[in-house]
Amino acid sequence: MIVETARCVKCGLCLAECPTYGLTASEAMSPRGRITLVQALAQGQILPDDHSAEVLNSCLLCRRCEAMCPSEVQFAKIMDQGLSLVRSQQGIKSRLLHMLLPRPGLMRWLLRLGRPVLPAFPRLNILARQARTDAPRPAPVYRPDIAKPVGRVGLFVGCTGSLFDSVAVDSAISLLLRAGYEVAVPAKQVCCGALDAHAGNIGRAVRLAAANEAAFAAIGELDAVISIASGCGAQLDVYEVLGARHRDIAAFLAQEKVISRLEFRPLSKSAAVHIPCTLENVLHSGDAVMKLLACILELKAEAVGKKGACCGAGGTGAVLRPGVAERLREPFVRQIADISPDFVLSSNLSCRLHLQSAVDGQDPEYLHPVTLLARQLIRD
């Protein structure tokens, strides 16, 4: 970690890109400020305390600084290590949240008891309303309706996919099948580990990665391992052995050899498209989303927000630091209101729910992009 922190030359080019620095103008809340803090903690120059924990935990890990860094500093890796050094200072709300969300079995049980998950987390109510506790888990294998599949892919559903975003999971499977691919969904896959890594619990994140690597290795040869949620995809990208190259669903579908097998019905509607920071800054697949939506003739799709900017959701950020999250959400909400779209599309469930919670009523409709694509898919 010391070697990686030393790569930061403190040039300050990251400051204009950092959402928390933009709000506070505090050097401590900048990427180079946090790197300096991690260096001091790692070298024992200072001891972990509530202030150092707050400075590190307030980072949204949008990784815009990493995408813009001329020295290619691996900021997320530094932050995960730094968060492990202040893990003992985590508050009870943070500990409970990071215990619940990566465990779908526990979440299903709690949600069946009652829709409010915990009184301490009122902002989880919108997530609870999204849950489908009776939704069947994906089958182990789906085969296309053709004599010989053009390929075989593994689908990463993760800990919350079938519980909170089952429609997007079903939509991704439909699109992949229509493109001619056999889709394998390992039953033994688990949480990607992002929540634990970003809470400083590196040991559990490593164990989860090993479990997923084993689960995908056990299902045989694959052309790709595909993720649906951009936050999960960003974590899968750091896995050492996954059995095949990881691809975001949009990046995979947007390949010419794949997209040429898909046809869509026209749709005379409008869509505001939110490109999550993880999709833009880490997976570099934001353009793929727009390319796919352009295949739906007559659909007017417009990206919202500054490229690579964070909407404030930041994984658990909207729940644990709602004030900051709401301030960062404002420009996105204003632009969406100006567009007045029929749909708001985002590849990250946390971002989608965060944006949705800013409005009253049911309009517009908030969806994963693959859900709209699957609706318009010509299947005959």
Side-chain angles (χ1 to χ4, degrees), residues 97 100-108 110-112 115 117 123-139 142 153-177 183 185-187 189-195 212 225-236 246-253 271 273-279 283 285 289 292-293 311 313-319 343-357 362 364-375 377:
L97 193 61
L100 285 172
L101 290 179
R103 293 171 171 85
L106 179 58
M107 286 294 292
R108 284 177 187 273
L110 285 171
L111 288 166
R112 284 168 179 159
R115 286 291 158 179
V117 181
R123 283 177 171 265
L124 288 186
N125 287 339
I126 189 170
L127 183 63
R129 291 195 297 270
Q130 187 87 3
R132 292 180 58 193
T133 57
D134 58 345
R137 290 176 174 81
Y142 296 83
V153 298
L155 186 66
F156 183 81
V157 177
C159 55
T160 59
S162 59
L163 179 58
F164 295 116
D165 216 6
S166 58
V167 175
V169 173
D170 293 342
S171 299
I173 292 171
S174 295
L175 291 162
L176 291 165
L177 290 175
V183 182
V185 188
Q189 63 177 292
V190 292
C191 174
C192 66
L195 285 172
N212 283 321
V225 172
I226 295 175
S227 63
I228 301 171
S230 64
C232 295
Q235 187 69 14
L236 294 180
H246 162 253
R247 300 293 298 274
D248 174 75
I249 181 68
F252 185 83
L253 293 174
V273 186
H274 168 255
I275 305 297
C277 50
T278 42
L279 191 65
L283 301 176
S285 299
V289 174
L292 287 170
L293 293 173
C311 69
T316 58
V319 178
F343 309 100
V344 176
L345 308 177
S346 178
S347 303
N348 187 292
L349 177 63
S350 178
C351 299
R352 198 159 69 243
L353 295 179
H354 180 48
L355 294 172
Q356 186 176 1
S357 68
Q362 300 300 313
E365 191 175 7
Y366 288 73
L367 304 170
H368 193 295
V370 298
T371 300
L372 185 60
L373 287 161
R375 284 184 185 179
L377 184 63

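- Note that CG of L345 and CD of E365 are 9.5 Å apart. Values are rounded to the nearest 0.5 Å.
- We find the OG-CG distance between S171 and L372 to be 9.5 Å, quoted to the nearest 0.5 Å.
- Put simply, CZ on F252 and CG on L155 are 11.0 Å apart, with the number rounded to the nearest 0.5 Å.
- For the pair L367/R375, a side-chain contact is recorded, criterion being any heavy-atom separation below 4.5 Å from C-beta on.
- In this structure, N212 and V225 have side chains that are not in contact, with every pair of non-hydrogen atoms separated by 4.5 Å or more.
- Between the CD1 atom of I173 and the OH atom of Y142 there is a distance of 4.0 Å, given to the nearest 0.5 Å.
- By the 4.5 Å heavy-atom criterion applied to side chains, I249 and L176 are counted as neighbours.
- The side chain to side chain contact (heavy atoms under 4.5 Å, CB included) test applied to S346 returns H274, P276, N348, C351, R352, not counting sequence neighbours.
- Residues passing the ring pair (Phe, Tyr, Trp, His ring centres under 6.0 Å) test with H368, sequence neighbours excluded: none.
- Scored by the side chain to side chain contact (heavy atoms under 4.5 Å, CB included) test, C277 finds C62, N281, C310 as partners (sequence neighbours excluded).
- Considering only heavy atoms from C-beta on, P138 comes within 4.5 Å of V157 through its side chain.
- The shortest non-hydrogen separation linking A172 to I228 is CB-CD1, 3.8 Å.
- Looking at residues two or more places apart in sequence or on another chain, you find no ring pair (Phe, Tyr, Trp, His ring centres under 6.0 Å) involving F156.
- Counting all heavy atoms, side chain and backbone alike, P364 lies closest to V344 at CG-CG2, 3.6 Å.
- The side chain to side chain contact (heavy atoms under 4.5 Å, CB included) test applied to P186 returns Q189, A215, F216, I219, not counting sequence neighbours.
- In terms of heavy-atom proximity, T278 sits nearest to G231 at OG1-N, 3.8 Å.
- Heavy atoms only, all atoms of each residue included: S227 and L236 are closest at CB-CD1, 3.9 Å.
- The CD1 atom of I275 lies 9.5 Å from the OG atom of S285; values are rounded to the nearest 0.5 Å.
- Contact detail for L355 and C311: the closest heavy-atom pair is CD2-CB, 4.4 Å.
- Not counting sequence neighbours, the partners of A250 by the side chain to side chain contact (heavy atoms under 4.5 Å, CB included) test are D248, A288, V289, L292.
- Nearest heavy atoms, A139 versus V185: O-CB, 3.5 Å.
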